[in-house]
Enquirer: 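Have a look at this one.
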Protein chains: 4
Amino acid sequence: MQSRSSAPRTGRPRSAEADEAILAATRAALVDLGWSGLTLGDVATRAGVAKTTLYRRWAGKNELVVDAVAALFDELELPDRGSLAADIEIVVLQFAAILSRPEAKTALMAVVAESTGDAALRDRIRSSIVDRQKHLVTQGRARAQARGELPVENDPETAARGTDLIFDVIAGAVVHRCLVSSKPVDTDWAGDFTRLLLNGLTGVSPA
Amino acid sequence: MQSRSSAPRTGRPRSAEADEAILAATRAALVDLGWSGLTLGDVATRAGVAKTTLYRRWAGKNELVVDAVAALFDELELPDRGSLAADIEIVVLQFAAILSRPEAKTALMAVVAESTGDAALRDRIRSSIVDRQKHLVTQGRARAQARGELPVENDPETAARGTDLIFDVIAGAVVHRCLVSSKPVDTDWAGDFTRLLLNGLTGVSPA
Amino acid sequence: MQSRSSAPRTGRPRSAEADEAILAATRAALVDLGWSGLTLGDVATRAGVAKTTLYRRWAGKNELVVDAVAALFDELELPDRGSLAADIEIVVLQFAAILSRPEAKTALMAVVAESTGDAALRDRIRSSIVDRQKHLVTQGRARAQARGELPVENDPETAARGTDLIFDVIAGAVVHRCLVSSKPVDTDWAGDFTRLLLNGLTGVSPA
Amino acid sequence: MQSRSSAPRTGRPRSAEADEAILAATRAALVDLGWSGLTLGDVATRAGVAKTTLYRRWAGKNELVVDAVAALFDELELPDRGSLAADIEIVVLQFAAILSRPEAKTALMAVVAESTGDAALRDRIRSSIVDRQKHLVTQGRARAQARGELPVENDPETAARGTDLIFDVIAGAVVHRCLVSSKPVDTDWAGDFTRLLLNGLTGVSPA
DNA sequence: AACTAAGCGAGACGGTACGTCCTGTCTTCGA
DNA sequence: TCGAAGACAGGACGTACCGTCTCGCTTAGTT
């Protein structure tokens, strides 16, 4: 998470409980207060921890919230439903379920907004959250190719472009539906979207 | 923008210059300082205006920034390029051009994040920004139907669902590409995306 | 009060009612809010008058309050009780009665405090409030001399010194008793004080 | 000054330097700006201290100024000059010397004015400033009785009434001369006043 | 068992921004 | 020309957090 291996050999070791208590308190505070209402002093109080302890581990609000929210996305997985359409639909619904939680909703866009002027934060978001989901696309695509639903792509660079595009379309559409249009991502919408994407992918493949 | 017609007949009228100066100052401050660094006191100073004048017109940072950024989106338009593919591509590139401005980049996600816990702000964003772009989709779709590129949809409710879906896909994908993946929306990417979307639309239409 | 004789020949004449309404509102506000809580905006509202009207007549809070309070002191008078002792006692009690009013209590010391750095205000206080009381001393002294209770003072400069001293002692002691010691000026205290002063005056006269 | 003994065992202790720096800055600001021009923000800046530090120790302008000015009165003392007349004269001159300082002049009346509507402030003034001077009267009186200049007073309640009266007369007269009449307390005036008071005291004693 | 080094809670610290209030001036309309 | 209404620039208010610091105490691993 932060310091990993570099030598802190002597002295009292950091409390492992504190870490988890702080992250849990952060999520709770996000639910209660939203991003802009969240204060580190309040998080520390909720966690039963001194502010010093918190600052010893995280540089600030942004970093703390990224870590607190990242865990939510670990529950995403891609069970094999037997067809590309079913796979797309299930991942869309799972993703939307996470986004419907208030702590994710308020925090995710906010840290992305902060990251527009902060490259280090952008990297942290990418490594902690975004990249951990991207393998779902890779995996789903590989399965579809194995089933013969999608043509095999031999050029790795072209394959990467395709993966990125699909990821932007899925994640972007779901986020926009949830947070901007603020309409529900139910099975109707997921079905419409899946049909659109599937047609797009099985038509002429990207050049 | 705010008070519209209701009767403030007496007293000194509000300065129209001040309004524009404040919005311009807000955009400038966003460029210099980003969302989280932006201060209403600083905006007031830049605009050559007292803080009270600012608070008399806007309830807070969120509302002010929505109005300041909304103007940027008014330059979006849809010239008729003769084909649906060309129309999609041009609107994607225009939208990305706006999002690449630092004032839009930092502000847009931030106010959306704030809006997750504030219905009034959500409405303000929708009416000031989102809905003003949605007509581009409607218009492009009508042209494509006139050209015979897309089937005519008779049920108005189904048509609305389709418009919403297309809008979420386009806007979501472009925003995600720009702000989360933070990769450029160049003609290559726009081409790939357009191909994907076009295939999706001209295949089986949404139920 | 302010403009006196200089020619306001043309245009709408100033409302005479407004003047008295403002002074009354000022006194009422002093009772409710005290000196530091009093604001000119509030006075204007209470008087049913625009702030402009108020500023057209008085330069600020200090000047307004001096005028508002000065009227209270006009009720002081010196009925002839037949002896110097009785005369002193009655004036002490009258003065204390005025000082026990909340509007006088809070305002008087405050404007004196302000006047320490403002010569114009000091003059205004002297001419509006202080000098109007000083004749009571002169008058009482003259009566006492006529009765033979006090020796006649021939040198006018020495007489003035004596008057000033007596005035400072009476006014100072009463004010200090009321506002600093915050104990009542009842007939007991007035009697003690009168005895002390009378002994002081009828002993060896000031050099 | 404020918290005295109650147990704040943990946490960083309050800076003792800050206390003195703030009081000194307050006195300096009073000299430069006067009571009404004095700003807590300005005091904090002058003291090199944050506004919060100031508000942590004092509730507001009034309390701060009382403490800042109280120290000035600690220099009052009563050297034995061998006669009651000399003792009165010296204390009058000392008191006037303090009142002639701009920081005392502007502040003293102002806090008394504020205290008319604030019992807590009145107590603070009494305990911090007034009562610390009253022992001068007691002491001077005792010496005069020892010398045989004044009759011994056996009833302690009558003695207290006398002390209060003398104190109100001395303090009141000097303050009134300085601040209201705004004439100098020189040896001439001090002589006249001492003669008056001495005659008053050595004549018939208060009932 | 004593020493040492870091972690810990508490809370004060110098700062910055907040959103409100009041000041004294101005601009409009109607009397 | 005055008056009411109210917007204006300016500036202080007292509060809330920020991120740092200084305390005294606790908790290891090392001598």
Side-chain angles (χ1 to χ4, degrees), chain A residues 8-15 18 36-45 47-61, chain B residues 8-15 17-18 36-45 47-61, chain C residues 8-15 17-18 36-45 47-61, chain D residues 8-18 36-45 47-61:
Chain A
R9 276 165 306 170
T10 87
R12 177 174 171 176
R14 289 188 182 168
S15 157
S36 66
L38 181 147
T39 69
L40 296 204
D42 179 66
V43 169
T45 304
V49 143
K51 258 200 307 176
T52 330
T53 302
L54 207 154
Y55 277 105
R56 210 174 280 123
R57 291 161 156 84
W58 287 277
K61 190 166 159 172
Chain B
R9 290 168 299 103
T10 80
R12 178 174 172 174
R14 292 193 180 167
S15 158
E17 295 172 28
S36 65
L38 181 146
T39 287
L40 294 205
D42 178 67
V43 169
T45 305
V49 142
K51 251 197 312 177
T52 37
T53 299
L54 208 152
Y55 278 105
R56 208 174 284 122
R57 292 162 157 80
W58 287 278
K61 194 166 157 170
Chain C
R9 275 163 310 171
T10 87
R12 175 173 170 178
R14 290 190 180 168
S15 157
E17 295 171 27
S36 65
L38 180 148
T39 69
L40 295 202
D42 179 66
V43 169
T45 305
V49 143
K51 258 200 306 177
T52 330
T53 302
L54 208 155
Y55 278 105
R56 210 173 280 125
R57 290 164 159 82
W58 288 275
K61 189 166 159 171
Chain D
R9 291 169 297 103
T10 78
R12 178 173 172 176
R14 292 193 179 165
S15 158
E17 294 173 27
S36 66
L38 181 147
T39 288
L40 295 205
D42 179 65
V43 169
T45 305
V49 141
K51 251 199 307 178
T52 38
T53 299
L54 207 154
Y55 279 105
R56 207 174 284 122
R57 291 164 159 80
W58 288 278
K61 193 166 156 170

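Note on naming: letters A, B, ... go to the chains in the order of the sequence lines (proteins, then strands), and numbering restarts at 1 for each one. What you see is a predicted model; the values in this text were computed from it and never measured. The analysis underlying the following values was restricted to heavy atoms, covering all of them including side chains, and did not include hydrogens, waters or symmetry mates.
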Enquirer: Who pairs with C:A47 by side-chain contact (heavy atoms from CB on, under 4.5 Å), at least two apart in sequence or on another chain?
Expert: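 side-chain contact (heavy atoms from CB on, under 4.5 Å) list for C:A47, sorted by chain: C:A21, C:I22, C:A25, C:V49.
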Enquirer: Tell me the interatomic distance from A:L54, atom CG, to F:dC18, atom P, rounded to whole angstroms.
Expert: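 It works out to 10 Å between those atoms.
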Enquirer: What is the distance from CD of D:E17 to P of E:dC13, rounded to the nearest Å?
Expert: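 Rounded to the whole Å, the gap is 11 Å.
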Enquirer: B:T45: what forms a side-chain contact (heavy atoms from CB on, under 4.5 Å) with it, not counting sequence neighbours?
Expert: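 Once residues adjacent in sequence are excluded, B:T45 has no partner under the side-chain contact (heavy atoms from CB on, under 4.5 Å) criterion.
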Enquirer: With a cut-off of less than 4.0 Å, is there a side-chain N or O of D:T53 near OP1 or OP2 of E:dG14?
Expert: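 Answer is yes, contact under 4.0 Å.
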Enquirer: Using every non-hydrogen atom in the two residues, find where A:K61 and A:L38 come nearest and quote the distance to one decimal.
Expert: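 Taking every non-hydrogen atom into account, NZ-O, 3.0 Å.
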Enquirer: Report each atom pair, protein N/O against N/O of nucleotides 22-25 of chain E, whose distance is under 3.5 angstrom.
Expert:
{"residue": "E:dT23", "atom": "OP1", "partner": "C:L40", "partner atom": "N", "Å": "3.2"}
{"residue": "E:dT23", "atom": "OP2", "partner": "C:L40", "partner atom": "N", "Å": "3.3"}
{"residue": "E:dG24", "atom": "OP2", "partner": "C:Y55", "partner atom": "OH", "Å": "2.8"}
{"residue": "E:dG24", "atom": "N7", "partner": "C:K51", "partner atom": "NZ", "Å": "3.1"}
{"residue": "E:dG24", "atom": "O6", "partner": "C:K51", "partner atom": "NZ", "Å": "3.0"}

Enquirer: Under 4.0 Å: is that the gap between some side-chain N or O of D:R56 and OP1 or OP2 of F:dG14?
Expert: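 Answer is no, no contact under 4.0 Å.
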Enquirer: Does E:dA6 have OP1 or OP2 sitting under 4.0 Å from an N or O in the side chain of A:R14?
Expert: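 For E:dA6, neither OP1 nor OP2 has a side-chain N or O of A:R14 closer than 4.0 Å.
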Enquirer: Could you work out, with side-chain contact (heavy atoms from CB on, under 4.5 Å) as the rule, every residue matching A:A50, not counting sequence neighbours?
Expert: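 With sequence neighbours excluded, A:A50 shows a side-chain contact (heavy atoms from CB on, under 4.5 Å) to A:T52, A:T53, given in chain and number order.
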Enquirer: Which residues satisfy the side-chain contact (heavy atoms from CB on, under 4.5 Å) test with D:S15, sequence neighbours excluded?
Expert: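 Residues passing side-chain contact (heavy atoms from CB on, under 4.5 Å) with D:S15: D:E17, D:A18, D:R57.
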